[in-house]
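Contents: one structure, followed by commentary.
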Amino acid sequence: MIRFVKDSFVVATDGLTKRFASGGGVDGLDLRVRPGRVYALLGPNGAGKSTTLKLLLGLLVPDAGRVLMWGRPWQRGVLARAGASIDGPALYPHLSAVRNLEVHARLLSLPPGRIRRVLEEVGLTGTGRQRVRTFSTGMRGRLALAVALLGDPELLVLDEPQNGLDPEGVVALRALIRSFAAAGRTVIVSSHLLGEVVQLADDVGVLVDGRLRYQGELAALAPDGDLERAYFTLTTPAAQGRVA
Ligand SMILES: Nc1ncnc2c1ncn2[C@@H]1O[C@H](COP(=O)(O)OP(=O)(O)OP(=O)(O)O)[C@@H](O)[C@H]1O
């Protein structure tokens, strides 16, 4: 069988475009996300990061272009292989963490044993009967991550997962994401925390005004580790475009 080059990407998009009446959106994205890598999507507020992640997950329909996942055109079935946390956690506030996970496990027809495992992974064991409406922002973030991990996905898509986490949570999340990738799985994560991205990411895509200004290895963008300087060089209006 002839294997096209795009088969080697977990996610590849061709000319992916979504324009909102508001003027925002994304334009002509050719994303390339490789297996076993942590791909960080960066960019100023409103650059199109969440829009991009939603397009990958079928939460938005593109105006133009296409999404390939695992080398095949996007279809709903790919969602069984992906876990995601977008736009904050969709949780039942009157239920405990365990009950929330039970609802999702039932929807996904998963064995209940997974629940204890993911609660451990995100550091939420011991919350007992505590209702989610009493959870802090960080605890909700941890639970959203648990929901994303529940189906034992091959791809994790996380929109600003560090939001609200305490330093212990940030470090634990970093370890979890790195070990996920070390196991050959793939993570796409949007973030504003450049210091964290330096420790987390293998590859980065920098979006400015809905367009990819850079895509490639983090080490190539910031060989000296100064991602902040490289980032501002790309995102300031006078910056020259460059796509690897
Ligand atoms: N459903 C929508 N309807 C209209 N405009 C939208 C919609 N969703 C996003 N936009 C606009 O598209 C642009 C990109 O938004 P998006 O949320 O993707 O940016 P972002 O990079 O994730 O920003 P942030 O860093 O603030 O989270 C913004 O101008 C936003 O106002």
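Quantities reported herein were computed from a predicted structural model and do not represent experimental measurements. In each ligand, atom 1 is the first atom listed, and ligand 1 is the first ligand listed.
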To the nearest 0.1 Å, how far is atom 21 (O) of ligand 1 from its closest protein heavy atom, and which atom is that? Lys49 NZ, 2.7 Å
Do any N/O atoms on Gly43 end up under 3.5 angstrom from N/O atoms on ligand 1? no
Protein heavy atom at shortest distance from atom 3 (N) of ligand 1: Phe20 CD2, 3.6 Å
Hey, is atom 31 (O) of ligand 1 under 4.0 Å from any protein heavy atom? no
Under 3.5 Å side-chain donor-acceptor pair for Asp159 and Ser190: yes
Considering distance alone, does some N or O of Ala47 sit under 3.5 Å from an N or O of ligand 1? yes
Without swapping roles, check the side chain of Ser96 against the backbone of Arg131 for a donor-acceptor pair under 3.5 Å. no
From the options Val208, Asn45, Leu60, select the one whose nearest heavy atom is closest to atom 24 (P) of ligand 1. Asn45
Which atoms of ligand 1 sit under 4.0 Å from any heavy atom of Glu160? 25 (O), 27 (O)
For a quick test of reading the model, state the closest non-hydrogen atom pair linking Ala201 to Leu218 and the distance between them. O-CD2, 3.4 Å
By number and element, which atoms of ligand 1 are closer than 4.0 Å to a non-hydrogen atom of Gly25? 12 (O), 13 (C)
Just wondering, are more than 12 heavy atoms of other shown residues or ligands nearer than 6.0 Å to CZ in Arg81? yes
Out of Leu55, Leu207, Thr51, whose heavy atom is nearest to atom 15 (O) of ligand 1? Thr51
Assess Arg140 against Phe135: is NZ or CZ under 6.0 Å from the centre of the six-membered ring, and within 45 degrees of the ring's axis? no
Please state which option from Gly23, Pro44, Gly48 has its nearest heavy atom closest to atom 19 (O) of ligand 1. Gly48
Can you check whether Gly24 has an N/O within less than 3.5 Å of an N/O in ligand 1? no
Could any protein non-hydrogen atom be found less than 4.0 Å from atom 6 (C) of ligand 1? yes
Test of understanding: given a 4.0 Å heavy-atom threshold, classify the contact between Ser22 and ligand 1 as side chain, backbone, both, or neither. side chain
As an exercise, identify every atom of ligand 1 less than 4.0 angstrom from a heavy atom of His192. 25 (O)
Considering heavy atoms of the protein only, find what lies nearest to atom 23 (O) of ligand 1 and give residue, atom and distance to 0.1 Å. Gly46 N, 2.8 Å
Rounded to the nearest 0.5 Å, what's the gap from CG on Leu155 to CE on Met69? Could you check? 5.0 Å
Heavy-atom nearest neighbour in the protein, as seen from atom 17 (O) of ligand 1, with distance rounded to 0.1 Å: Ser50 CB, 3.7 Å
Quick one: OG on Ser179 to CZ on Arg174, what's the gap to the nearest 0.5 Å? 13.0 Å
